[in-house]
Amino acid sequence: MTVRVRFAPSPTGELHIGGVRTALFNWLFARNQGGKMILRIDDTDLQRSKEKYLQSILDSMEWLGLDWDEGPRKGGQFGPYHQIQRLDLYQHEVNKLLEGGNAYHCFCTPEELARQKKQDAQRGLPPRYRGTCRYLTEKEVEERKKDGQSFVIRLKVPQEGETVVEDLVRNRVTFENKIFDDFIIVKSDGIPTYNLASTLDDARMEITHVIRAEEHLSNTPRQVIICKILGLDTPIYAHVPMILAPDHSKLSKRHGATSVQEYRDMGILPDALINYLALLGWSPGGDKEIMPLEEMISLFSLDKVSKNASIYDLKKLTWLNSHYLRTKEKAVAGKMAVPFLKEKGIVSEVGSEDEQRYLDEVVDLVREKVKTLQEVADAAIYFFREDFPYDEADVAKHFSREDIVPVLEKIAGVLGEVEPFQKETIKAALKTLGSSLKLKLSKINLPIRLAITGRTMGPDLLDVMALLGRDRVVERVKRAKQFCLDGKNEELI
RNA sequence: GGCCCCUUCGUCUAAUCGGUGAGGACACCAGCCUUUCAAGCUGGCAGCAGGGGUUCAAAUCCCCUAGGGGUCACCA
């Protein structure tokens with residue numbers, strides 16, 4: 001039997017990291033087992049499902065490299081893969097349930113149900129449907145229908161015995177049937193609810209393993225009951241732990257970045273996000289942390305998935321990101337940085353190959369000290385523009401020296417003579433200057449750095465200079481000298 | 001409230017059948033390196049929720065308590 005798993009998002013919002021982690025575990029399991037990954041769209045919520053979310057979710061999946069074997073943009077033999085296009089299939093099964101006396105029409109109004117729920121709450125009882133419509137006669141049902149009363153369809157849930165969920169993560173979980181009420185399987189708009197549609201599709205699509213978040217565990221016995229009544233085989237379940245926000249509550253927008261798109265905009269790399277999320281709730285055992293995708297696939301197994309919920313930690317993700325950022329091929333990193341440089345108005349177009357090559361070098365240099373593509377762009381500004389500002393605190397510290405003007409002048413003079421303008425030659429020239437002026441190297445280098453980058457931190461200064469080239473460096477040092485001169489003048493006045 | 005799940009450093013986690021100085025990573029702190037630094041290197045801090053059992057021996061098995069999370073929707 002070949003493994004078939006599915007990820008079934010509902011297009012009611014962006015793909016968030018919890019969803020990604022679920023998708024990832026499904027994907028890793030499928031790839032590890034040589035199975036199929038199915039993407040199904042659970043869009044039975046007419047009000048909240050939106051086309052833009054669907055597209056965004058698919059884009060996010062593709063960006064992450066979580067590809068699927070069957071589903072939207074792809075097709076497959078078990079389609080359609082949008083639940084909204086499978087209504088007739090559900091209808092068929094619902095009729096069977098109705099005919100077999102395992103389901104019934106319920107005409108109770110939402111208002112009435114709300115009232116009962118409130119009563120239950122007041123009495124400290126669990127909210128529970130009372131089975132009001134369970135024994136309506138066929139005639140009564142027909143009359144009410146003819147009357148135009150709206151109705152839902154409920155499953156007649158057996159109250160005897162217990163239902164067992166076999167779970168690869170939680171092991172065997174047992175529920176007593178008497179705790180279940182007759183839950184709704186078809187809404188008044190004629191569309192099945194999650195418990196029905198999902199169960200039916202999982203069976204119809206021959207899903208072998210249902211891997212999903214733990215929030216679904218409590219719902220699972222209802223799905224098992226449906227299978228039992230319909231004579232369907234239950235899939236093997238694996239309820240993976242949830243991802244919680246730093247305050248231990250369920251992840252929501254108020255916790256900051258939660259959607260894949262937001263991480264992408266921040267300059268997080270897909271590899272980093274994948275690696276980080278893989279480590280949340282799963283460990284290959286031992287000390288392994290940083291893993292290429294291939295290794296994750298070969299190491300992945302559901303019995304190493306932990307049972308307890310985990311709290312996501314942006315700092316570790318960022319740290320992983322810096323690792324992936326640095327180990328990417330130079331040209332690849334350069335390409336990835338382009339949108340961020342454009343976004344900040346640092347570059348407009350990268351036309352020629354030379355321009356791209358230069359950009360690649362800049363990114364290569366700058367990425368050593370930063371953690372995201374966003375920060376790469378921030379750190380790269382002075383490589384592309386002359387109008388960068390000087391950091392005020394640094395100016396106060398390094399441009400306020402008595403000898404700053406003559407020193408900058410000497411520096412400009414010396415650097416102007418360096419030929420060829422390369423790391424070693426520049427280094428030698430500055431060393432010579434330092435000893436002739438009896439100045440510590442830092443007394444020379446810091447002002448240069450500030451003059452040519454506007455700040456006192458960054459990559460290796462010699463690398464920066466070599467990449468900028470003699471003309472720009474000398475020009476900037478001269479400009480800094482003028483800046484200091486103006487400052488002095490102001491002080492004199 | 002009923003039901004279900006969970007509980008190892010602040011966070012993510014490791015620890016084949018019970019025997020470990022309870023290991024690693026991020027974060028944090030310190031030192032080193034260096035022309036700077038938010039980088040790198042080295043080191044440090046820090047944990048078995050609590051209480052009972054079982055056992056020669058418990059983070060590991062059992063029970064209880066506490067805490068956290070989930071679910072009980074005409075949302076998925």
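Quick note: numbers below take in every heavy atom, side chains included, and nothing from hydrogens, waters or symmetry partners. Convention: sequence-line order gives letters A, B, ...; per-chain numbering from 1.
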Which nucleotide, if any, forms a Watson-Crick or G-U wobble pair with [N], using both distances under 3.5 Å?
{"N": "G67(B)", "result": "C6(B)"}
{"N": "A25(B)", "result": "U11(B)"}
{"N": "C74(B)", "result": "none"}
{"N": "C48(B)", "result": "none"}

Is there a side-chain polar atom (N or O) of [X] under 4.0 Å from OP1 or OP2 of [N]?
{"X": "Lys187(A)", "N": "C75(B)", "result": "yes"}
{"X": "Asn308(A)", "N": "U8(B)", "result": "yes"}
{"X": "Thr193(A)", "N": "A73(B)", "result": "no"}

Pairwise C1' distance, A46(B) and C3(B) [rounded to whole Å]: 37 Å
cation_pi(Arg40(A), Phe7(A)) dist<6.0 Å, angle<=45: no
Cation-pi geometry met for Arg21(A) and Phe25(A) (6.0 Å, 45°): yes
5' priority, RNA chain B, between Arg48(A) and Glu215(A) [closest heavy atom]: Glu215(A)
Pairwise 5' ranking along RNA chain B for Trp319(A) and Ser322(A), keeping only the more 5' one: Trp319(A)
Atom of Ala451(A), atom of Phe388(A) and distance for their closest heavy-atom approach: O-CZ, 3.7 Å
Length of the line joining Glu112(A):CD and C74(B):C1', which is rounded to integer Å: 15 Å
